[in-house]
Amino acid sequence: MVLLPLPLALLGTASWLGGYVRPSADEWCFLPTVRDNGISGLVEKFYTVDNGRVGNGLLVGLYTASGPAGHQWFAPVSAVAVLGVLWAVTVLLLRAAGRTAPRGVPPLVASMVTVVFLLATPNTYKTFYWPASSVSHTVAPVLACAAAVPLRWARSRGAGARAAAVTVAFLAGCLTGTLSEESSVVALVVLTAVLLLSGSIFTARVRGYARLWCLAGLAGTTTGALVLLTSPGSRNRRERFGADTTSAIAPDSLLGSLRAFLEILGTVLTTWQYLGAVAAGVLLGLTAGSRTEAGAGVEAGAGTEAGHRAGTAPVLLPCRPVLLVSAGTVTFLVAGYLCTVITYPLFGPRVTGTSRTWNDHLLLYVLLLTGIGVLLGRARARTSTRRATRRPGRARARRAAPAAVTAAVCAAVCAAVCVQLSFPLGRLGHEMRVRAERWDRQDLWLRDRAAAGARVLPYARLPISGMEEPFRGPGRRTWPAGCVADHYRLERITDARTT
């Protein structure tokens with residue numbers, strides 16, 4: 001498909017700019033911990049001191065072990081991971097519905113979803129380029145989605161493959177539970193919704209297995225969340241933010257959370273770039289057709305015995321658009337509000353400005369928009385087909401034209417989204433390059449002076465995109481100055497502006 005290079009080029013550019021990422025904020029504290037105590041030391045610190053997120057500590061330790069180079073590789077690796085998972089999930093859903101699409105359409109859908117998810121947020125740096133935040137709030141929901149990928153093989157490779165898929169669901173739930181409280185909430189809400197609606201979604205022959213898979217995911221996520229919430233680190237975090245004295249379910253907190261969530265919704269719903277996901281979904285709905293391997297029975301939802309053996313017969317019941325859209329919308333609203341409820345005691349009204357924490361439920365929003373686009377595309381394709389079959393010759397061609405016009409409009413929307421997002425990405429890339437050059441010069445100078453025996457050295461702040469730096473604000477807040485000093489093996493650093 002001629003449109004595919006646009007989102008891929010944008011993702012490639014964004015990934016290449018990851019080479020200009022340099023440590024800041026919490027990462028100053030991770031670097032000396034991993035250097036001195038290894039990845040296991042960081043995991044232990046997360047569990048006992050920081051926040052209880054042991055799965056988070058493991059992933060953070062993996063990229064921190066390579067020092068600043070690990071931070072630079074994080075963006076391209078995570079972009080490939082997000083794109084790969086969403087592509088695999090798109091193919092999985094097509095197979096589950098007994099549908100097929102032109103070869104370039106699933107990667108187009110996955111790449112457009114990835115583009116708007118990573119780049120259409122209020123703060124792309126904290127969403128995509130800040131590894132500490134991305135692990136918790138951007139990668140976490142995608143890893144939860146990845147638990148569904150083994151279902152692609154579970155249908156046709158026997159009981160062993162099905163048992164493996166259930167096991168993966170449980171383990172992925174455990175990891176999600178120890179990665180992010182917000183992603184855990186989203187996973188629990190989505191799995192509960194699928195479990196409750198399973199009778200209206202899945203065919204009878206797979207309904208029991210689908211419910212078992214959902215229960216495994218719920219059990220795993222609950223287990224991981226309990227490990228996190230009962231940890232000393234989680235208790236310490238609540239005490240640091242004063243959240244131990246504020247109940248998330250107190251009336252004032254619930255009302256404040258509702259106001260904050262409505263403000264967040266206002267921002268999200270007026271971000272027009274998310275239309276790229278809808279447009280990509282429409283293109284998928286327009287081009288998807290029944291799988292020829294299962295014969296005519298597949299389209300009717302029956303499937304042949306050979307189709308069942310090959311795992312090609314659909315496992316989803318005939319589409320019910322009103323039910324799916326309504327259930328998806330309610331699921332997103334409930335998940336988003338609950339995410340706001342659990343973060344409100346930590347941030348208060350400032351939660352509306354911490355856009356990185358929205359990503360846990362924003363992925364669900366983008367996927368919902370894509371699904372709505374697919375339903376709209378299918379409706380348009382069916383209308384065009386019915387009209388074309390009733391009119392022979394030129395009349396048939398004229399009746400089929402609306403589908404081509406719809407496809408052209410959707411392609412234009414996707415292109416416009418990619419072009420528009422490239423401008424703020426270019427500005428951010430310039431800021432990242434300037435900071436990287438200054439950071440590298442200061443890093444070399446600090447290392448040389450520390451090696452020469454200096455114990456106290458000045459540090460010049462290098463802020464970007466609202467990231468925390470030592471000596472920030474009117475009160476000259478020192479955090480994370482102590483971690484910077486530990487990284488360079490100094491006793492302390494001073495503010496270069498006052499030196």
Taking the side chain as every heavy atom from C-beta outward, state whether [X] and [Y] have any pair of such atoms under 4.5 Å apart.
X: T352; Y: F347; answer: no
X: L323; Y: L197; answer: yes
X: I464; Y: S24; answer: no
X: L364; Y: P141; answer: no
X: V282; Y: V374; answer: no
X: F117; Y: V142; answer: yes
X: K126; Y: H137; answer: no
X: L92; Y: W87; answer: no

Distance from [X] atom [atom1] to [Y] atom [atom2], nearest 0.5 Å?
X: S184; Y: L228; atom1: OG; atom2: CG; value: 7.0 Å
X: L316; Y: L93; atom1: CG; atom2: CG; value: 7.5 Å
X: L363; Y: L118; atom1: CG; atom2: CG; value: 9.5 Å
X: L284; Y: T370; atom1: CG; atom2: OG1; value: 9.5 Å
X: M112; Y: L83; atom1: CE; atom2: CG; value: 12.0 Å
X: L376; Y: L283; atom1: CG; atom2: CG; value: 12.0 Å

(request) Carefully, step by step, assess Y274 and V417 under the rule side-chain contact (heavy atoms from CB on, under 4.5 Å). (result) CA-CA 8 Å; Y274 288 120; V417 168; over 6 Å; no
Return yes if some donor-acceptor pair links the side-chain N/O of [X] with the main-chain N/O of [Y] below 3.5 Å, else return no.
X: Y129; Y: A14; answer: yes
X: S111; Y: L108; answer: yes
X: Y63; Y: P68; answer: no
X: T340; Y: G336; answer: yes
X: R461; Y: P470; answer: yes
X: T222; Y: A219; answer: no
X: R35; Y: H487; answer: yes
X: S183; Y: L179; answer: no
X: T176; Y: A172; answer: yes
X: T221; Y: L218; answer: no

(request) Please step through side-chain contact (heavy atoms from CB on, under 4.5 Å) for the pair L428 and T124, ending with a clear verdict. (result) CA-CA 8 Å; L428 177 60; T124 297; 4.1 Å; yes
Restricting to non-hydrogen atoms, name the atom on [X] and the atom on [Y] that form the minimum distance, rounded to 0.1 Å.
X: C319; Y: R378; result: CB-NH1, 3.5 Å
X: P480; Y: C29; result: CB-SG, 4.2 Å
X: L151; Y: A165; result: CD2-CB, 4.0 Å
X: T267; Y: P122; result: CG2-CG, 4.4 Å
X: L94; Y: A101; result: CD1-CB, 4.1 Å
X: C339; Y: V186; result: SG-CG2, 3.6 Å

(request) Measure the acute angle between the ring planes of F332 and H361, then classify it against the limits of 30° and 60° as parallel, tilted or perpendicular. (result)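 Rings of F332 and H361: tilted, 30 to 60°.
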(message) Can you tell me how the ring of W16 sits relative to the ring of Y20, calling it parallel under 30°, perpendicular over 60° and tilted otherwise?
(response)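 Perpendicular.
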(message) Please determine whether the number of non-hydrogen atoms from other residues, nucleotides or ligands lying under 6.0 Å from atom CZ of R447 exceeds 12.
(response)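 Result for CZ/R447: enclosed.
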(message) Can you tell me if W73 has over 12 outside heavy atoms packed within less than 6.0 Å of its CH2?
(response)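 No, not enclosed.
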(message) In this structure, is the centre-to-centre distance between the rings of F30 and F46 below 6.0 Å?
(response)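 Aromatic pair counts; centres sit under 6.0 Å.
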(request) Decide if the gap between the ring center of W439 and the ring center of W28 is smaller than 6.0 angstrom. (result)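 Ring centres of W28 and W439 closer than 6.0 Å.
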Pair [X], [Y]: side-chain N/O donor-acceptor within cut-off below 3.5 Å:
X: N56; Y: S180; answer: no
X: Y459; Y: E469; answer: yes
X: S355; Y: N123; answer: no

Could you check whether [X] pairs with [Y] (Lys NZ or Arg NE/NH1/NH2 to Asp/Glu carboxylate O, under 4.0 Å)?
X: E27; Y: R22; result: no
X: R356; Y: E182; result: no
X: E468; Y: R472; result: yes

(request) Verify side-chain contact (heavy atoms from CB on, under 4.5 Å) between L31 and Y488, making sure each step is shown before the conclusion. (result) CA-CA 10 Å; L31 286 166; Y488 291 108; over 6 Å; no
(message) The criterion is salt bridge (charged side-chain N to carboxylate O under 4.0 Å, His left out); which residues satisfy it with R433, sequence neighbours excluded?
(response)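 R433 satisfies salt bridge (charged side-chain N to carboxylate O under 4.0 Å, His left out) with E437 once adjacent residues are dropped.
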(request) Step by step, work out the side-chain contact (heavy atoms from CB on, under 4.5 Å) result for L143 and L59. (result) CA-CA 12 Å; L143 290 179; L59 295 184; 4.1 Å; yes
